[in-house]
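Position 1 is the first residue of the sequence, and the numbers go up from there.
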Amino acid sequence: MLPRDKPYLGNLRTGEEPNESGYFVRKGSGTVYPNFDRSVLVRMETRSGIVGWGETYGLVAPGAIGEIVNDLLAGFIIGRDPTDPSAIYDDLYGLLRVRGYGGGFFADSLAAIDISLWDIAGRRAGRSVTDLVGGAVRRAVPAYVSGLPEDSLRDRAELAKSWLSRGFSSFKFALPMADEGGAAEMEALRTALGASARIAVDMHWAQSAARAVDLIEDMSPYGLWFAEAPVWTEDIAGLSRVCRESSVPVAVGEEWRTVFDMRSRVDRCEIAIVQPEMGHKGVTSFLRIHDLASELGIEVIPHATVGAGIFLAASLQVSAALPRVSAHEFQHSIFEPNRRLVSGDMDCAAGAYSPPTGAGLGVSPSAEAVALLRPMTPA
């Protein structure tokens with residue numbers, strides 16, 4: 001757990017004060033966040049001494065992940081062949097299928113385990129995860145700047161300009177933090193960044209379908225690249241309407257855990273962009289979502305969020321090998337301060353990520369990160 005000088009997405013507004021556990025709720029979306037960075041890491045070691053690392057979300061109730069891994073899943077991994085991570089993933093997923101556990105903390109636990117297994121498989125073979133999933137189709141992964149955590153519209157525009165000067169030409173802002181409204185935010189960013197910059201909006205799953213369509217149309221005259229997460233994730237009918245009525249590409253999928261989540265939506269919704277988040281999915285589900293996107297002609301722009309860098313490294317390793325990936329989110333307010341938490345040469349500069357080199361994921365927790373770890377051992 002790491003304290004932050006400024007909470008994720010920016011300073012707190014009136015009415016967003018943290019509770020005793022350090023959690024606060026963003027008024028613009030109703031979503032809970034902690035006022036610190038936190039993640040869950042899984043360390044796995046083979047009998048021959050090969051160590052693999054995985055990671056998943058730990059923003060809220062990380063003990064739930066630890067309990068699922070230690071109490072339930074670990075006992076079904078011991079003795080398995082680590083060279084076929086997807087087979088292990090499928091067997092673990094199937095343990096609770098009949099009880100309806102196909103997502104949430106259970107699937108996040110699977111993601112962390114899956115990432116660590118792919119890391120072991122690569123290290124054992126002396127090959128990168130990129131090589132294991134088919135080999136690189138690109139050396140660098142195009143990146144877009146995500147999040148402009150400043151208090152005023154003017155300062156957010158200036159922050160975006162500073163990244164433009166560093167070679168980045170694609171950006172995304174968070175609608176709940178656009179105090180003057182989405183259209184005003186788009187106008188200011190377009191003026192600051194020029195006509196050729198790509199600008200997207202993250203709507204944070206907070207609108208009705210009708211309201212989302214109206215907001216998107218208000219922003220569209222300023223050249224909106226895509227509109228992300230326009231309605232509640234459960235509102236598939238609403239998503240279908242937004243996809244159908246919006247003149248702007250709609251992007252979703254950060255919160256999905258499996259390809260089943262995607263299938264239940266693409267059958268009804270004309271989704272333009274899917275945004276797999278490695279920390280929720282693991283390598284196995286990430287690959288399957290990409291394959292379905294390829295089959296349907298959907299663009300893939302992976303999501304990135306708060307973490308220590310392990311699942312980001314996995315996302316970049318896989319993205320470097322997948323032809324449908326056109327860009328990748330760059331959370332600069334997380335990546336830059338937290339890059340010290342992993343070893344390796346992973347970087348993001350001049351508009352593109354450099355995936356880490358080396359066997360497996362190409363990264364491991366740094367000595368500083370290891371010192372920060374708090375074990376979640378079975379009772």
Polar side chain donor-acceptor pair, [X] to [Y], under 3.5 angstrom:
| X | Y | answer |
| --- | --- | --- |
| His303 | Gln275 | no |
| Ser247 | Glu217 | yes |
| Arg123 | Ser364 | yes |
| His204 | Thr31 | no |

Side-chain donor/acceptor of [X] to backbone N/O of [Y], under 3.5 Å:
| X | Y | value |
| --- | --- | --- |
| Gln317 | Thr130 | yes |
| Glu55 | Phe311 | yes |
| His332 | Gly147 | yes |
| Tyr144 | Phe168 | no |
| Arg13 | Met177 | yes |
| Asp155 | Glu150 | no |
| Ser366 | Arg340 | yes |
| Ser39 | Thr56 | yes |
| Asn70 | Gly66 | yes |
| Ser246 | Val213 | no |

Can you find a heavy atom in the side chain of [X] that is under 4.5 Å from one in the side chain of [Y]?
| X | Y | result |
| --- | --- | --- |
| Arg190 | Ile199 | yes |
| Pro34 | Tyr8 | no |
| Val259 | Ser285 | no |
| Leu361 | Pro356 | no |
| Ile273 | Glu228 | no |

Next item on the list: Flag yes if Ile236 and Val274 sit in one hydrophobic cluster, no otherwise; membership is Ile, Leu, Val, Met, Phe, Trp, Tyr, and two members link when side-chain heavy atoms are under 4.5 Å apart.
Entry: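 Ile236 and Val274: separate clusters.
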Notebook entry, point to check: Taking a hydrophobic cluster as the set of Ile, Leu, Val, Met, Phe, Trp and Tyr residues connected by side-chain heavy atoms closer than 4.5 Å, whether directly or through intermediates, do Phe106 and Ile77 fall within one such cluster?
Noted result: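 Yes; tracing contacts between hydrophobic side chains, which count when under 4.5 Å, links both residues.
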Notebook entry, point to check: Between Arg339 and Asp347, is there a salt bridge with N-O shorter than 4.0 Å?
Noted result: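 Result for this pair is yes, salt bridge flagged.
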Next item on the list: Quickly, which of Glu185, Glu254, Glu329 forms a salt bridge (Lys or Arg N to Asp or Glu O under 4.0 Å) with Lys172? Name it, please.
Entry: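 Of all the options given, the one that passes is Glu329.
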Check: Pick from Val42, Leu110, Ile88: which one makes a side-chain contact (heavy atoms from CB on, under 4.5 Å) with Leu73?
Finding: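 Looking at Val42, Leu110, Ile88, the match for Leu73 under the side-chain contact (heavy atoms from CB on, under 4.5 Å) is Leu110.
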Checklist line | side-chain contact (heavy atoms from CB on, under 4.5 Å), paired with Met44, selected from Ile113, Ile78, Val51 | finding: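 Option passing the side-chain contact (heavy atoms from CB on, under 4.5 Å) with Met44: Ile113.
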If I compare all heavy atoms of [X] with all of [Y], which pair ends up nearest, and what's the gap?
| X | Y | value |
| --- | --- | --- |
| Phe173 | Gly182 | CZ-O, 4.0 Å |
| Ala184 | Leu153 | O-CD1, 3.7 Å |
| Pro355 | Asp345 | O-OD1, 4.3 Å |
| Val248 | Ser220 | CG2-CB, 3.8 Å |

Just list the side-chain donor-acceptor pairs under 3.5 Å for residues 91-101, sequence neighbours left out, or say none.
from: Asp91; atom 1: OD2; to: Arg80; atom 2: NH1; distance (Å): 3.0
from: Asp91; atom 1: OD2; to: Arg80; atom 2: NH2; distance (Å): 3.0

